[in-house]
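Step one of this worksheet: look at the structure below.
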Amino acid sequence: MRVLVVNVGSSSVKLAFLDADDSLLASTELVGPSGSDLGESLRELVGEHGPPDAVGHRVVHGGETLVAPVVVGAAVTDEIGALTALAPLHQSQALDGIHVATAVLPGVVQVACFDTAFHAGMPSEAATYPLPSEWRQRWPIRRYGFHGLSHAYAARRAPDLIGVPAEDLRVVSCHLGSGASLCATRGGRSFDTTMGFTPLDGLVMASRSGAVDPGLVLWLVGNCDGGLDEVSRGLEERSGLAGLAGGVGDMRDIVTRRRRDDAAAVLAFDVYIHRLAREIAAMTPAIGGLDVLVFTAGVGEHSSEVRADVARRLGYLGTSLDRAANEATEPVDRDISAPGAAVRTVVVEAREDLEIARQARSLLRGLHPPDGTLCR
């Protein structure tokens, strides 16, 4: 079954056309595309390679009910749209991608796969907020978690790289891109994650603040001239690395400036590493320890400085890197652990496309369990 994957992120759209054996027929990335750009790219791919059997879409938020891949119809798009307020940088863009792909390929089944689905089975103690019961009963308030497609793939790929069976393997995966989150898995199941009700929670990100004191947010709403709208835009678009480093949220630029002792870049890098190392350590109680640390996505795959600093701070847990392996660039998927390290550290190329294609095929072949849990 050939699957065309439409992966809409907060800052780009990645297209991947996968053959039945998961070989990559073609791929392209559009930065900040309009609907016409996406439509043109889809038509070019289909014109060159023929129509796919299915189109798989990445959707960030599935809420409480969309906890497994689904064939897209009007009811599904309505439900995706209803969750826009919880993922404002992603949800509407995903809908745009679905509408464009449906228009370009009207006879091809469209499948939506959800980042939140991988975390839907987290233990209640990890998913529940300590809020008034009437609030939790009235609204679907819980820690949903995100980047689930990436974390699911990383949790399956890591055992292959170290030659250890996946059963009961304790993994913390670090998805570090424009958005960033951690996931603690054991035996391929999500037990905890850093993002919560929305993708604004958790780690320091390119332009998002990550976790801040809720009392501070309330104070800002009362004191900013623009009120709630200004605070929302500030936390989503002008915080994180961009807020710390003078408007620049690209880790590559920050690392370059840090080497020149630029004070703002040094602070941004140090805050990023502090929060990242702290939260990795905080993931480990949920899975009873740590066997493998995974770095994936743009920063995770390409920044040897980030990996080295994090591993150094977590040395007490057993992380230690081989310098040459860490600084190498090929292959992307590799074990970068120092010989004898108690915790193995690996780099995994982010392949959400493979996870989306796997889920789409599973659904369409009737292999998806009736209880709505994910096939693994």
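The structure displayed is predicted, hence computed values, not measured ones.
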Is it the case that over 12 heavy atoms from other parts of the model lie below 6.0 angstrom from the [atom1] atom of [X]?
X      : atom1 : result
Arg278 : CZ    : yes
Arg136 : CZ    : yes
Asp225 : CG    : no

When rounded to the nearest 0.5 angstrom, what distance separates [atom1] in [X] from [atom2] in [Y]?
X      : Y      : atom1 : atom2 : result
Glu305 : Ile273 : CD    : CD1   : 9.5 Å
Leu354 : Glu349 : CG    : CD    : 8.5 Å
Ser239 : Arg233 : OG    : CZ    : 12.5 Å
Ser181 : Met283 : OG    : CE    : 9.5 Å
Phe191 : Thr284 : CZ    : OG1   : 14.0 Å

Kindly give the heavy-atom pair with the smallest separation between [X] and [Y], and that separation in Å.
X      : Y      : answer
Cys113 : Pro69  : SG-CB, 4.0 Å
Cys183 : Ser190 : SG-OG, 3.5 Å
Ala311 : Thr319 : O-OG1, 2.8 Å
Ser303 : Val255 : OG-CG2, 4.4 Å
Gly56  : Val3   : N-CG1, 4.0 Å
Pro165 : Pro159 : C-CB, 4.4 Å

Inset, instruction - Take Val343 and Arg170 through the test side-chain contact (heavy atoms from CB on, under 4.5 Å) and record every step on the way to the result. - result: CA-CA 10 Å; Val343 172; Arg170 301 167 300 180; over 6 Å; no
Report yes if some heavy atom in the side chain of [X] is under 4.5 Å from a heavy atom in the side chain of [Y]; otherwise report no.
X      : Y      : result
Met251 : Ser178 : no
His119 : His151 : yes
Asp53  : Val108 : no
Leu276 : Val306 : yes
Asp333 : Arg157 : yes
Leu105 : Leu4   : yes
Leu15  : Ser27  : no
Ile98  : Ile80  : yes

Inset, instruction - Please report the C-alpha distance between Val292 and Ile162 in whole Å, then the side-chain angles of each, then the deciding distance to 0.1 Å, and finally whether the side-chain contact (heavy atoms from CB on, under 4.5 Å) criterion is met. - result: CA-CA 9 Å; Val292 186; Ile162 63 173; 3.4 Å; yes
Cluster overlap [X] with [Y], hydrophobic side-chain contacts below 4.5 Å:
X      : Y      : result
Phe118 : Met122 : no
Ile287 : Val346 : no
Ile336 : Leu317 : no
Val310 : Ile254 : yes
Leu45  : Val100 : yes

Any donor-acceptor N/O pair, [X] side chain to [Y] backbone, under 3.5 Å:
X      : Y      : value
Glu352 : Asn7   : no
Glu237 : Arg208 : no
Glu301 : Ala297 : yes
Thr84  : Gly81  : yes
Ser337 : Thr345 : yes
Thr194 : Leu182 : yes
Arg334 : Pro331 : yes
Thr296 : Val348 : yes
Arg258 : Asp270 : no
Arg2   : Pro51  : yes

Partner residues of [X] under the side chain to side chain donor-acceptor pair (under 3.5 Å) criterion, sequence neighbours left out:
X      : value
Glu29  : Ser12
Asp322 : none
Asp78  : none

Are any of the side-chain nitrogens in [X] or [Y] under 4.0 Å away from the carboxylate oxygens of its partner?
X      : Y      : value
Asp291 : Arg186 : no
Arg358 : Glu355 : yes
Arg323 : Glu327 : yes
Asp115 : Arg58  : yes
Arg260 : Asp262 : no
Arg257 : Asp253 : yes
Asp335 : Arg344 : yes

Inset, instruction - Kindly indicate, with the supporting measurements, whether the criterion side-chain contact (heavy atoms from CB on, under 4.5 Å) is fulfilled by Lys14 and Asp353. - result: CA-CA 9 Å; Lys14 297 177 182 178; Asp353 58 327; over 6 Å; no
Inset, instruction - Would you please say whether a donor-acceptor pair under 3.5 Å links the side chains of Thr329 and His302? - result: no
Inset, instruction - Establish, for the pair Arg275 and Tyr272, whether the NZ or CZ atom is under 6.0 angstrom from the six-membered ring centre and no further than 45 degrees off its axis. - result: no
Inset, instruction - Could you list who else is in Leu216's hydrophobic cluster, with ILVMFWY side chains joined at under 4.5 Å, directly or through other members? - result: Leu200, Val212, Val217, Trp219, Leu220, Val221, Leu228, Val231, Leu235
Legend entry - Under 4.5 Å side-chain linkage, directly or through intermediates, the cluster mates of Leu86: Val60, Leu83, Tyr129, Leu131, Trp135, Trp139, Ile141, Tyr144, Phe146, Met195, Phe197, Met205
Inset, instruction - Any ring-ring contact (aromatic ring centres under 6.0 Å, His included) involving residues 163-183? Give me the pairs, sequence neighbours left out, ordered by first then second residue. - result: His147-His175
Legend entry - Test side-chain hydrogen bond (donor to acceptor under 3.5 Å, both in side chains) applied to Arg143 and Asp192, Thr193, Thr198, the passing residue: Asp192
Legend entry - Residues His90, Val8; criterion side-chain contact (heavy atoms from CB on, under 4.5 Å); working and verdict: CA-CA 7 Å; His90 302 84; Val8 179; over 6 Å; no
